[in-house]
Structures are given as structure tokens and as C-alpha cells.
**Q** 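Quick one: this structure, given as C-alpha cells, is what I'll be asking you about.
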Amino acid sequence: MKIEALVRNDVWRNEFRRALGKWYRVHGRHLPWRSSADPYRVWISEIMLQQTTVAAVIPYFERFISQFPTVHELANASENDVLRLWEGLGYYSRARNLHKAAIQIVDLFGGHFPNDVRILQTLPGIGRYTAGAIASFAFQLPAAIVEANTLRLYSRLIGLELDPRSTGGQKALWEFAEWLVLGNESISGINAGDFNQALMDIGSVICRPVEPDCPACPLSVFCEARARNLQQSIPLPKKRIEISQVTEASIALFHKTRVLLRKRSDAERWAGLWDFVRFEVNEKDARQLSIPSRKHVGQQKSVSKSPRRQSGYLQSLLAFETAEPYLQTLPEAWTHHLHSETGVYVRNAEAVTEIRHSVTRFRIRLLCFRAQVIYPPEPALNNYQWFELEELFSLPLSRTGRQFFELLQGSRIFASDDADETGVSRNP
DNA sequence: AAGTCGGGGGT
DNA sequence: ACCCCAGACTT
């Protein structure tokens, strides 16, 4: 049935609602943020869940709520502390917008959440989906939602052959979603919030991207894709993006016991997070250096998957502490960059490790070094700042920054090297 | 309409 | 390798 015909078919809609409500009462998922309709908790969970899997969010949600139980604690927190709790979850602008929105909710709305989708969308980080989610989950208003799960489910239900991410596809999906949720309560037996949750659960558990479990689906008789056996080809896949290889260097500069960090600006990746000196390098310079690779250290292949690749970590630490030839002369281009960027000259550069990681469309080889500052001792160029190493426990770092820091913690070679001009002293 | 922004997990 | 994930925001 075409969507134009569908949105006028009240009989279809009522039967659909009954089937969905019946299924949800038995099969609905139990998730931490579903135990309460507190708009604050709904909001936190929805922001965390943007482009992030349920399993990844759960521990972050628990920690965040216990640290900031209400919007007031969040509004009064520092951005650093908010980002520190967000560290590892990614898309850090979410955390910064969350903090800004908390301040607005306190200042503009007296700490009370607006219960209107239009007003909700004026808050930073809240778009059409999140506004609908808060309105329906927290206030039981008949607001529509379209996100990853429902996008797939609705696309199949209406047999959408347009790209569901295109303007036209989005229009059709939102129109269908609005029609579906409007005035449903007395028929499905569940409120608008549970109604939307039920749709997401079906999308997540049954109407999966590949191999949807149509035989188990309470909505299969309502499904246009199923009727035409198109459930594998609807929705149209996203067009894949091209990956670029990049090589970067990250250098922990020490003066006595302190290390030099910079808070990354709004205009770059990891905005608001702190990082060591870091810059892109060319492949030719990188090839001349000998760097302990965490992947190739040691003989055993056994890398325990959980909880945090212990063997690989310990092995690289061991190799680092016992390695001799890792004292390096940095390429001239690097020392030049270091000086113009921070104002310092360095000595005793040592390769610490190589980290490989992916960020958005980049595949990055990160070469991590440590060096000592010889002149001048305390620069203050370009937003750089000196910290005791221990202070990094409470500063928000990127994932790779945290990994690097943990290696520096474990090695502590510079600890007693303050006035030693002859070279690196290694503690036995 | 297209690009940008993370990081983890699953296959 | 590749795909996916309770999207929002900028250009």
C-alpha cells in the first residue's frame, strides 16, 4: 500500500497498534533509562545514544547520573569535568552542548524541561529526533521519532524505495511516524512513550539490518517490504566513505616532572579535550625512526579480548622499559615545528609506542615520543599549559591521549632527572 | 545536499 | 576490510 493510502487507513493503524502493544508488554527491553520518566535522565540517555550503541552507553549513563543526579549539578559543573565523564564515548560536542543546554535549562526555564518539541529543539544538541524522544518518553506526548531503528522499520513497513536519508525519504518517514503515533493510547494500551520505545525495540531486535527476523515480527502482516520480499534491499544502504591514511606524531614534552598539554580549540577534532603536542608528519620522516609497535612486541599471539587487552599492554610496557635503541634524533622538520608551535627546544627524544586508530574517515598511525625541554624552561605559547603528570587523571583526553598517558605513567623514567644534563637516567 | 564529528562491536 | 550505531550541526 502506498503511503498516501496508508495515512488515511484508520483500520490498518488501529490493528497495527494493538499488535505492537501486545508484543511490547511481553518482549520490551529493560534498560536503565526506562526505569524512570524523569526528563533529565531521558535527556542524558538520548544524547549519549546518538550514533552510539546501547551496550556502550549503559556504563557511561550510570556514572554520569551518579555524578550529576539533576540538571543543577550538571549546570554547576565545569566543562572539563563533564568532558572527563564523557571520555571514550566519542562525539565530544555532545558533551559540550549538554553542558550548555543544562545552563540554559536552569537559567531560562528554572530547571524545568520544556514539554514542547519546538522549544526543546532550541536547546543545543537537541534535534528533531531527540525532541520527540523527550516529549514522548518523559511527557507521554504523541511526538514522532525517526532514528536508526525506526528509520529501518518504517522504511520496510511502507516499502520505501527512496534513500531514507534523502530529503524526500525523510519527509515520507516523518509523515508516517507522525500519523502512526497520533492519538494511539486508547487503542494500543500503552502510552505514546512506550509506543515509540516499542517501535525502536522491534527495529533493534527483530527488524535488523541484515537477516530481519520476519517470522517473529508482530508487524510482518503490516509490512510492505515483507509482502514484496524486499526486506533485504530496503532501506537503501548508505554510500560508503573513502578512508584516508594519515601519519601523525604526538610528543610528550617534559620539564622536570611536568608535561606540556594544550586544550584543543573549537575548530578542530576533539575540541575541548587536552592533548600532547600533536601534528601530522610525512611518511618519509616517519620511516627513518625506530618505534616500538605495540602490535609486534613479544612472541605470543594470545591477546585476551577482555577486559582491556592486558597482555598487549604489559608487553609493550616491558619492551619500552628495557629497550635501548629508542633514543632518537627527531627529524629536523619536527623540531622546527615543535619550536614554532611551543617555543621550546628539546633533547633526549625517545620513541614510546605506535598507536593505530580510526577517527571518522581517517586511519591514523600515531607515533608517540617523549622528550625533555632544554630551552626555554617554561613556554606559554598557543594555549599550552604545564601539568604534573598526576593531574592528567582528572583532565579529559582523547582515547589515544589516555593510552599514551598510561604508558608514560607506567614508565616514569624522567622522575629523578631534574638537573641531569648528561642524559636520561633510568631507574633500575 | 554533502561533510564533519569517535569509538567500539559484529561479521 | 566493511558495516552499523536511539543524530546534530555546519557549510
Side-chain angles (χ1 to χ4, degrees), chain A residues 29 31-34 42-61 83 86-98 100-101 120-134 136-137 143-154 163-170 173-174 177 193 196-205 207-211 235-245 264 266-273 305-309 355-364 396-403:
Chain A
R29 290 180 292 177
L31 300 168
W33 42 88
R34 285 187 180 175
V42 170
W43 173 51
I44 300 299
S45 69
E46 289 307 327
I47 301 297
M48 287 186 170
L49 285 160
Q50 288 170 6
Q51 295 294 283
T52 308
T53 54
V54 167
V57 164
I58 289 175
Y60 281 85
F61 177 77
L83 281 168
W86 206 269
E87 188 187 296
L89 201 53
Y91 289 124
Y92 298 95
S93 65
R94 292 183 296 175
R96 307 177 78 203
N97 284 334
L98 196 70
K100 286 180 198 147
L120 282 166
Q121 284 182 83
T122 66
L123 292 165
I126 298 184
R128 190 170 182 182
Y129 161 73
T130 304
I134 295 172
S136 62
F137 304 157
I145 57 163
V146 178
E147 41 64 73
N149 298 306
T150 43
L151 177 143
R152 186 170 54 249
L153 174 62
Y154 300 160
D163 180 346
R165 299 155 201 86
S166 69
T167 305
Q170 283 286 305
L173 292 174
W174 279 101
N196 282 338
Q197 302 268 20
L199 289 164
M200 284 195 289
D201 280 4
I202 299 267
S204 172
V205 176
C207 200
R208 300 173 299 225
V210 293
E211 311 262 340
L236 259 47
K238 289 187 208 179
K239 65 167 179 290
R240 44 189 287 268
I241 45 143
E242 189 160 344
I243 303 297
S244 307
Q245 302 283 337
R264 298 182 69 105
D266 293 6
E268 48 188 344
R269 275 207 297 272
W270 298 297
L273 304 193
K305 277 195 90 157
S306 65
R308 46 190 349 252
R309 299 199 277 302
I355 298 173
R356 292 169 190 270
H357 68 119
S358 316
V359 39
T360 61
R361 63 185 187 84
F362 298 99
R363 187 89 183 142
I364 303 176
L397 310 178
S398 67
R399 201 73 175 136
T400 52
R402 184 63 60 189
Q403 287 177 25

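Sequence lines set the chain letters: A, B, ... in the order given, protein chains first and strands last, and positions in each chain run from 1. Computed from a prediction, not measured in an experiment: that's the story for all the values here.
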**Q** Taking only Watson-Crick and G-U wobble pairs with both distances under 3.5 Å, what dot-bracket line describes DNA chain B, where [ ] shows pairs that cross earlier ones and | shows pairs with another strand?
**A** |||||.|||||
**Q** Of all the choices, B:dG7, C:dC9, C:dC4, which nucleotide is nearest to the side chain of A:Arg399 once you look at every atom?
**A** B:dG7
**Q** Could you measure between the two C1' atoms, the one in B:dT11 and the one in C:dA6, and give it in whole Å?
**A** 22 Å
**Q** To the closest 0.5 Å, what do you measure between OH (A:Tyr154) and SG (A:Cys207)?
**A** 11.5 Å
**Q** Return the 5'-most residue of the pair A:Ser166, A:Arg269 with respect to DNA chain B, ranking by each residue's nearest nucleotide.
**A** A:Ser166
**Q** What's A:Ser93 touching, base or sugar-phosphate or nothing? Going by heavy atoms closer than 4.0 Å.
**A** nothing
**Q** Rounding to an integer number of Å, can you tell me how far A:Arg356 CZ sits from B:dG8 P?
**A** 17 Å
**Q** Would you measure the distance from the P atom in B:dG6 across to the matching atom in C:dT11 and give it in whole Å?
**A** 16 Å
**Q** Among C:dA8, B:dA2, C:dA6, which nucleotide has an atom closest to any side-chain atom of A:Lys239?
**A** B:dA2
**Q** Counting the atoms with a prime plus P, OP1 and OP2 as sugar-phosphate, which does A:Ala56 contact under 4.0 Å by heavy atoms, base, sugar-phosphate, or nothing?
**A** nothing
**Q** With respect to the side chain of A:Phe362, which nucleotide from B:dG7, C:dG7, B:dC5 is positioned closest?
**A** B:dC5
**Q** Describe the nucleic acid contact of A:Trp33 in one word from base, sugar-phosphate, nothing, applying a heavy-atom distance below 4.0 Å.
**A** base
**Q** A:Trp86 and side-chain contact (heavy atoms from CB on, under 4.5 Å): which single residue from A:Tyr60, A:Tyr91, A:Tyr92 fits?
**A** A:Tyr92
**Q** Starting at CD of A:Gln121 and ending at C1' of C:dG7, how long is that distance when rounded to a whole Å?
**A** 12 Å
**Q** Would you please name every residue forming a salt bridge (charged side-chain N to carboxylate O under 4.0 Å, His left out) with A:Arg208, sequence neighbours left out?
**A** none
**Q** Applying a 4.0 Å non-hydrogen cut-off, can you work out what A:Val210 is touching in the nucleic acid: base, sugar-phosphate, or nothing?
**A** nothing
**Q** What integer distance in Å separates A:Arg363:CZ from C:dC2:P?
**A** 11 Å
**Q** Looking at every strand, decide which applies to A:Leu199 at a 4.0 Å heavy-atom threshold: base, sugar-phosphate, or nothing.
**A** nothing
**Q** Look at A:Trp43 and C:dA6 and indicate whether a side-chain polar atom (N or O) is within less than 4.0 Å of OP1 or OP2.
**A** no
**Q** Within the structure, does a side-chain N or O atom of A:Arg361 lie under 4.0 Å from either OP1 or OP2 of B:dT4?
**A** yes
**Q** Taking any heavy-atom pair under 4.0 Å as a contact, classify A:Pro124: base, sugar-phosphate, or nothing.
**A** sugar-phosphate
**Q** At under 4.0 Å between heavy atoms, what does A:Arg152 touch on the DNA or RNA strands: base, sugar-phosphate, or nothing?
**A** sugar-phosphate
**Q** For the atom pair CH2 (A:Trp270) and OG1 (A:Thr400), what is the distance rounded to the nearest 0.5 Å?
**A** 5.0 Å
**Q** Has the side chain of A:Thr52 got a donor or acceptor atom sitting under 3.5 Å from an opposite partner on the base of B:dG6?
**A** yes
**Q** Give A:Arg29 one of three labels, base, sugar-phosphate or nothing, depending on what nucleic acid heavy atoms sit under 4.0 Å from its own.
**A** base
**Q** Listing request: all salt bridge (Lys or Arg N to Asp or Glu O under 4.0 Å) pairs with a residue in residues 120-129 of chain A, at least two apart in sequence or in separate chains.
**A** A:Arg128-A:Glu178
**Q** Mind checking the CD-CG spacing from A:Glu147 to A:Leu153? Nearest 0.5 Å is all I need.
**A** 9.5 Å
**Q** For the side chain of A:Pro209, starting at C-beta, report the closest nucleotide among C:dC4, B:dG6, C:dG7.
**A** C:dC4
**Q** Could you check whether any side-chain heavy atom of A:Trp43 comes within less than 4.5 Å of a side-chain heavy atom of A:Leu123, counting everything from C-beta outward?
**A** no
**Q** Please compare A:Leu31 and A:Ile243 by the position of their nearest nucleotide in DNA chain C and report the one closer to 5'.
**A** A:Ile243
**Q** Quick one about A:Arg94 and A:Gln50 (side-chain donor to acceptor, distance below 3.5 Å, no hydrogens or angles considered), yes or no?
**A** no
**Q** Does A:Tyr91 have a side-chain nitrogen or oxygen under 4.0 Å from the phosphate oxygens OP1 or OP2 of C:dC5?
**A** no
**Q** So, is A:Arg240 near the phosphate of C:dC2, with a side-chain N or O under 4.0 Å from OP1 or OP2?
**A** yes
**Q** Are A:Arg264 and A:Ser398 close enough that a side-chain donor and a side-chain acceptor fall under 3.5 Å?
**A** no
**Q** Rounded off to whole Å, could you give me the CG-to-P distance for the A:Asp266 and C:dC9 pair?
**A** 15 Å
**Q** A:Gly88 near the nucleic acid: base, sugar-phosphate alone, or nothing, with a heavy-atom cut-off under 4.0 Å?
**A** sugar-phosphate
**Q** Starting at atom CD1 of A:Ile241, determine the distance to atom P of C:dA1, rounded to an integer number of angstrom.
**A** 15 Å
**Q** Would you kindly give the CD-to-P distance between A:Gln51 and B:dG9, to the nearest whole Å?
**A** 17 Å
**Q** Nearest whole angstrom, please: distance from the P of B:dG8 to the OH of A:Tyr60.
**A** 7 Å
**Q** Relative to the 5' end of DNA chain B, which residue comes earlier, A:Thr360 or A:Ala55, by the nucleotide with the nearest heavy atom?
**A** A:Thr360
**Q** Once you apply a heavy-atom cut-off of 4.0 Å, does A:Thr130 come out as touching a base, just sugar-phosphate, or nothing?
**A** sugar-phosphate
**Q** Which whole number of Å gives the distance between the P atom of B:dG9 and that of C:dA8?
**A** 24 Å
**Q** Should A:Thr53 be listed as having a side-chain N or O under 4.0 Å from OP1 or OP2 of C:dC5?
**A** no
**Q** Yes or no on side-chain contact (heavy atoms from CB on, under 4.5 Å) for A:Val54 and A:Val57, after CA distance, side-chain angles and deciding distance?
**A** CA-CA 5 Å; A:Val54 167; A:Val57 164; 5.9 Å; no
**Q** Taking only the P atom of each, what is the distance from B:dG8 to C:dC9 in whole angstrom?
**A** 24 Å
**Q** Calculate the interatomic distance between A:Ile126 atom CD1 and C:dA8 atom C1'; express it in whole Å.
**A** 11 Å
